[in-house]
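Before we start, here is the structure in question, set down as structure tokens.
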Amino acid sequence: MSLVSLAPGADENGFACMIADLLGQNLEANPHKQRDFKKMRGSVAVVAEDADVAITLVFDGRHATIHSGILNKPDVTVRGMAEVIMNMSNLPIAKYVGLPLPRLGNPTERAAMDDMLAAMKRGELHTHGLLGHAPLVVRFTRVLSVNG
Amino acid sequence: MAFDFPSAAWTDAYKDAINANANYKVAGKDWTHGAVAMVVKAEPSVGIAEDLGMILDVHAGECRGCRLVGASEAQDAPFVVQASYAQWKAVIKREIDPTKALMQGKLKLVKGHMPTMVKYVQSSKELVESTSRVPTRFPDEG
């Protein structure tokens, strides 16, 4: 059984298909991310407000199912502009601490981090449920990151 | 002078537009993952009898070639982005944003490694942005 699947009907949602490919291929190419993946339990909704699309990822510790739209009451909801949400996957992840941090002296990673912080200041990205589910949010960021 | 979309003349002009895009040179400088094909789905009402592809031989911030091919040949490219004629037209006219269009399923990555595409999202956006720099005549606009 694959690690990631689409719920019935989600194949009609372009965002759901993108995230299914991104997550599945990222886990396949980076086995170390599977350690995080296997600790993830809960649901994360992602809403790209300006694109008018939403998905909910449900993690059960072995598998993730991606649903179209917002399913029930997600543990965590990330709302933002489409471009900002895409850029979340490009955040640098520090090797040992496993958090989104740029390496010293790397202007590309610094710029990616600065862009994200600026977008948050402008109100273009909100994360609801972060305080109650911080480990899920951190792992979610790590398994979807294409950097590290 | 405007070029008919899609046509061999348009793809030649597209190559020049990519290479004239300074932002693409920067954003695509680390791209070494092979060609990208853009497939236009058949639309007989505007004279596109069957699916067509444009293969962009892009490497390290440069477009080394751009060819109009049949859909089956386009599928040989490592990355294939597919959309209807109407959606490509909207992209070329900058009526839709490519990131939103991907999320909405209007543009689809039908072949290729999604994490690589996401890693080089700015490069992909500049490739798409370059389409709007080609003087274009659309067959359904007379």
Side-chain angles (χ1 to χ4, degrees), chain A residues 4 6 9-30 33 46-55 66 68-69 78 80-93 106-109 111-112 115 119 124 141-148, chain B residues 23-34 36-39 41 60-61 75 77-84 86-88 90-91 94-129 132:
Chain A
V4 182
L6 290 167
D11 57 340
E12 299 289 320
N13 181 322
F15 188 28
C17 296
M18 277 180 75
I19 296 298
D21 287 346
L22 177 60
L23 181 57
Q25 292 171 354
N26 222 12
L27 291 171
E28 191 179 316
N30 301 282
K33 289 184 186 288
V46 186
V47 184
E49 293 183 313
D50 55 335
D52 202 24
V53 290
I55 58 172
I66 304 180
S68 181
V78 180
M81 307 296 275
E83 186 157 349
V84 178
I85 285 174
M86 284 297 287
N87 287 343
M88 283 177 68
S89 288
N90 260 316
L91 285 176
I93 302 291
N106 187 317
T108 307
E109 293 186 358
D115 286 351
E124 293 176 1
T141 307
R142 287 205 292 248
V143 295
L144 280 176
S145 172
V146 297
N147 296 310
Chain B
N23 292 336
Y24 177 71
K25 275 193 180 16
V26 174
K29 70 180 169 47
D30 295 328
W31 177 270
T32 54
H33 303 277
V36 177
M38 295 176 168
V39 171
K41 298 294 289 174
Q75 296 297 329
F79 293 85
V80 180
V81 181
Q82 182 174 290
S84 67
Q87 298 302 346
W88 282 122
V91 167
R94 304 184 81 161
E95 292 171 351
I96 56 171
D97 171 81
T99 302
K100 282 190 223 172
L102 274 168
M103 286 183 169
Q104 292 166 337
K106 293 174 179 173
L107 296 183
K108 288 181 183 165
L109 180 71
V110 294
K111 182 183 173 192
H113 191 241
M114 183 62 83
T116 302
M117 282 300 268
V118 170
K119 187 165 186 167
Y120 293 95
V121 68
Q122 200 54 42
S123 165
S124 307
K125 283 191 77 167
E126 291 299 337
L127 274 185
V128 173
E129 200 276 335
S132 65

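These values consider heavy atoms only, across backbone and side chains, with no hydrogens, waters or symmetry-generated copies.
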Exercise for review: Under the salt bridge (Lys or Arg N to Asp or Glu O under 4.0 Å) rule, collect the residues that match up with A:Glu124, sequence neighbours excluded.
Suggested key: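 Residues passing salt bridge (Lys or Arg N to Asp or Glu O under 4.0 Å) with A:Glu124: A:Arg122.
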
Point to revise | For chain A, the option from B:Met117, B:Gln104, B:Lys125 that forms the most heavy-atom pairs under 4.5 Å | key: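 The answer is B:Gln104.
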
Review point. Which pairs with one or both residues in residues 99-121 of chain B pass salt bridge (Lys or Arg N to Asp or Glu O under 4.0 Å), sequence neighbours excluded?
Key: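 Every salt bridge (Lys or Arg N to Asp or Glu O under 4.0 Å) pair that includes a residue of residues 99-121 of chain B, provided the two are not neighbours, is A:Asp50-B:Lys100.
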
Exercise for review: Would you mind checking which part of A:Ile55 comes under 4.5 Å of any heavy atom in chain B, side chain (CB onward), backbone (N, CA, C, O), both or neither?
Suggested key: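 Neither part.
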
**Study point:** Distance (rounded to the nearest 0.5 Å) between A:Met18 CE and B:Leu102 CG
**Key:**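 Those atoms lie 5.0 Å apart.
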
**Study point:** B:Met103 versus A:Asn13, closest heavy-atom pair with distance
**Key:**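 Closest approach of B:Met103 to A:Asn13, heavy atoms only: O-OD1, 4.1 Å.
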
Review point. If you count heavy-atom pairs under 4.5 Å with chain B, which of A:Asn87, A:Ile85, A:Asp52, A:Asn26 comes out on top?
Key: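 Ranked by heavy-atom pairs under 4.5 Å with chain B, first place is A:Asn26.
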
Point to revise | Test item: A:Gln25 side-chain N/O and B:His113 main-chain N/O as donor-acceptor pair under 3.5 Å | key: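 Checked: no pair found.
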
Review point. Is it true that a side-chain atom of A:Asn90 and a backbone atom of B:Val118 form a donor plus acceptor pair closer than 3.5 Å?
Key: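 Yes, the answer is positive, given that a donor and an acceptor are paired below the 3.5 Å cut-off.
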
Check your understanding: From A:Met81 CE over to B:Thr99 OG1, what is the distance, rounded to the nearest 0.5 angstrom?
Key ->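 Separation between the atoms: 11.5 Å.
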
